[in-house]
There are 2 protein chains.
Amino acid sequence: MPENAGRAPTQRDVAAAAGVSTATVSYILSGRRDRATPVTPETRDRVLRAVEQLGYRLNHSGRSLRRRRTELVCVVYRMPDNPWVERLAEQVQTIGATSGYSMIALPLPSSPPTEPAAASRPQPSALRVLRERYVDGAIVANGTLIEPDELRRLAASGLSLVVFHDALEPAGFDVVDLAQRAALTDLVRHLLGRGHTRIGYLAHDVELAAPDDEVQSLKYRMVAAALAAAGVPLDPRLVVPGADVRERAYVETQRLLRADRPPTALISASDRGAIDAIWAARDLGASVPGDLAIAGIGNGTEGSAIRPALTTVGLPKLDFTVPVTRLFERIAAPNELPGDRIPQPWQLIVREST
Amino acid sequence: MPENAGRAPTQRDVAAAAGVSTATVSYILSGRRDRATPVTPETRDRVLRAVEQLGYRLNHSGRSLRRRRTELVCVVYRMPDNPWVERLAEQVQTIGATSGYSMIALPLPSSPPTEPAAASRPQPSALRVLRERYVDGAIVANGTLIEPDELRRLAASGLSLVVFHDALEPAGFDVVDLAQRAALTDLVRHLLGRGHTRIGYLAHDVELAAPDDEVQSLKYRMVAAALAAAGVPLDPRLVVPGADVRERAYVETQRLLRADRPPTALISASDRGAIDAIWAARDLGASVPGDLAIAGIGNGTEGSAIRPALTTVGLPKLDFTVPVTRLFERIAAPNELPGDRIPQPWQLIVREST
DNA sequence: CTGAAAGCGCTTACAG
DNA sequence: CTGAAAGCGCTTACAG
């Protein structure tokens, strides 16, 4: 039981209890410079015992104010998380641990309250963590979550930053380019090459609610652009919502198939929706891909487990060693690295469903 | 463009640029005590212009060292997130914002590398955020993630703490009691009351890999205990894995139904697995609940959307105002509140599938 | 209405 | 091998 009433013990209290100076306590606790100024084992023991007895805990603010670094990095993403964000976070933790860094997350709300376009940007209070030097560096898993100008200002103010974004110029930070547009174009070409001309799209609800929102409707816009570029513009009657909720994806797919001129191929904004679409088609007696070719987006883990295995676009494997290592290089050498583009391309993964 | 080479500008730089003292800068930026010491609009403007021009950003470490508080709270949970953790995080953000608090997350890895029991506890580097006063308070969404002793030490060291846990004594922190065991007991009684005696269990894989791990196998252990208490111990042949992966839940359910003496009721560790089980049964020509009653655990959003609507146990509604408000009360009055038990009971939600 | 000064808890070159 | 002292960037009672 600590005896100090109220106030948490400091290194000063530890030093007093152990009969040494605060410098000695600090050397022992931070483990630095042990070689240059070795401490006798007895002193060390006495200090550690005092730490234990007082229940002393290091004060991070004091340390980082003095060291001018927080030894903390942050992963920014939109809720809900998904396997690739989890993998990214895991690698940030693992790789960071080797240089004494810990990781925190900054999950931004999935469904902003009102006005889609503006509200899809995070509140200032969430950005405080990035703006006020709470962390030395950050990986933004979805660069569209934060205004480009804000990203540039953050980088200029000394925050080490690596941003996943398809269409942003590096500017004091690195940009991991997933080349999503190219992959979706490949997918469209693949379907056209199989002879499909009536291609439907199973959308995230928010995409249809705010089709012009670059943040929320990214996939919809990219698919539509790829189809238009190929001379087969998306037929509005073949666009339905429901990719988010299993039962609705099922119902909407059956509605499409029962319509006058059903599509012969369907792209779903999510792998999950695509899988539901496969079930829906099968239950109507339609064969996949015979009667309806179905493709997902994202390359989630489910897609390769089902039959027919799902054609999709996404990262071929979940390895973010390059961007994560880059983040820590930036932190180690602040203001020395310009801004690079790091290619980590999505790819077309053709399986059985198309 | 900031002109300081290297070093980030401080309030001192701002004060110099605006021709005032650092005290004035601080008053203007922190917005406190404006009533007692109003600043002339001209001074204010001059300071804000200097802030803009220098690209000044507040240094959190300096502020929180001085204020002796970080104005930051943390939500601790196990990856992946789920709708209720998201809702919790959202409410922490919203309620915290009214008193100037920001939220960060501490997502702990979902599948620890090796040794299940020990490895299911987080690494020390993850706990640094809680131990070293990086935040003023935390909500632990799953109290089994952190050792009880560690929780007590954290609370004793002054961290405001609210922990979701079914079987922990409050000790300087509050415990939100979901009463999961009682709800699962209700579910078992409900099935027995419908005449079922052969009740199967669709498990999370990790539950069968480490059935003795209290952290990972919570639901499995509670269901087994409830069945045993009712005099109908769980038949090992009716326990199958696969609740995590859609296709496997489907296959395992069909395997159960094709066996010699199939179960007449099935409890799934996840709502998702239960929904897959419904599809699997239906595809074999078995009616739900006629031939097989199926219940989930968790009360996720999908369960009420499907047909037959899913019987499940979980929180009847996602409102964490009480525990979240309590966290901020604790932060406002440190060391004054003892430790309370906050009931937020899971409930049996009977729908059509049983 | 504004400024000089102390101090939050730590780290680290430097002197002994 | 150890300690006295300065200083990281803020805030705030206090004096003017």
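The figures here come from the full heavy-atom set of this structure, side chains too, leaving out hydrogens, waters and symmetry mates. In what follows, chains carry the letters A, B, and so on, assigned in the order in which the sequence lines appear, proteins first and then strands, with residues in each chain numbered from 1.
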Could you give the [atom1]-to-[atom2] distance, from [X] to [N], as a whole number of Å?
| X | N | atom1 | atom2 | answer |
| --- | --- | --- | --- | --- |
| B:Arg57 | D:dC10 | CZ | P | 13 Å |
| B:Tyr27 | D:dC14 | OH | P | 11 Å |
| A:Asn59 | D:dC8 | CG | C1' | 13 Å |
| B:His60 | C:dG9 | NE2 | P | 15 Å |
| B:Tyr134 | C:dG9 | OH | P | 18 Å |
| A:Arg69 | C:dC10 | CZ | P | 16 Å |
| B:Arg67 | D:dA13 | CZ | P | 12 Å |
| B:Arg66 | D:dG7 | CZ | P | 19 Å |

Mind checking whether A:Leu130 and A:Ile146 have side chains closer than 4.5 Å, heavy atoms only? yes
If you define the side chain from C-beta out and look only at heavy atoms, does anything of B:Glu132 sit under 4.5 Å from A:Arg57? no
B:Leu327: which residues meet the side-chain contact (heavy atoms from CB on, under 4.5 Å) condition with it, sequence neighbours left out? B:Val73, B:Ile139, B:Ser160, B:Val162, B:Ile331
Phosphate-side-chain proximity, [X] and [N], N/O vs OP1/OP2 below 4.0 Å:
| X | N | value |
| --- | --- | --- |
| A:Ser26 | C:dT11 | yes |
| B:Thr24 | C:dG3 | yes |
| B:Ser21 | C:dG3 | yes |
| B:Arg63 | D:dG9 | no |
| B:Ser64 | C:dG9 | no |
| A:Tyr56 | C:dC10 | yes |

Ranking A:Arg46 and A:Thr22 by the position along DNA chain D of their nearest nucleotide, the one closer to 5' is A:Arg46
With sequence neighbours left out, the residues meeting salt bridge (charged side-chain N to carboxylate O under 4.0 Å, His left out) with B:Arg49 are none
Using the criterion of both pairing distances under 3.5 Å for Watson-Crick and G-U wobble pairs, give all stems of 3 or more consecutive pairs involving DNA chain C. C:1-3 with D:14-16, C:5-12 with D:5-12, C:14-16 with D:1-3
Starting from the 5' end of DNA chain C, give me the residue, B:Arg68 or B:Thr43, whose nearest nucleotide shows up first. B:Thr43
With DNA chain C as reference, determine whether A:Leu65 or B:Ala23 sits nearer its 5' end, using the nearest nucleotide of each. B:Ala23
If you look only at pairs with a residue in residues 87-109 of chain B, which of them pass as a ring-ring contact (aromatic ring centres under 6.0 Å, His included), with sequence neighbours excluded? B:Tyr101-B:Phe328
With heavy atoms under 4.0 Å as the rule, sort A:Arg133 into base, sugar-phosphate or nothing. nothing
Among residues two or more places apart or on two chains, list those pairs meeting salt bridge (charged side-chain N to carboxylate O under 4.0 Å, His left out) that have a residue in residues 91-103 of chain A. none
Residues in ring-ring contact (aromatic ring centres under 6.0 Å, His included) with B:Tyr134, at least two apart? A:His60
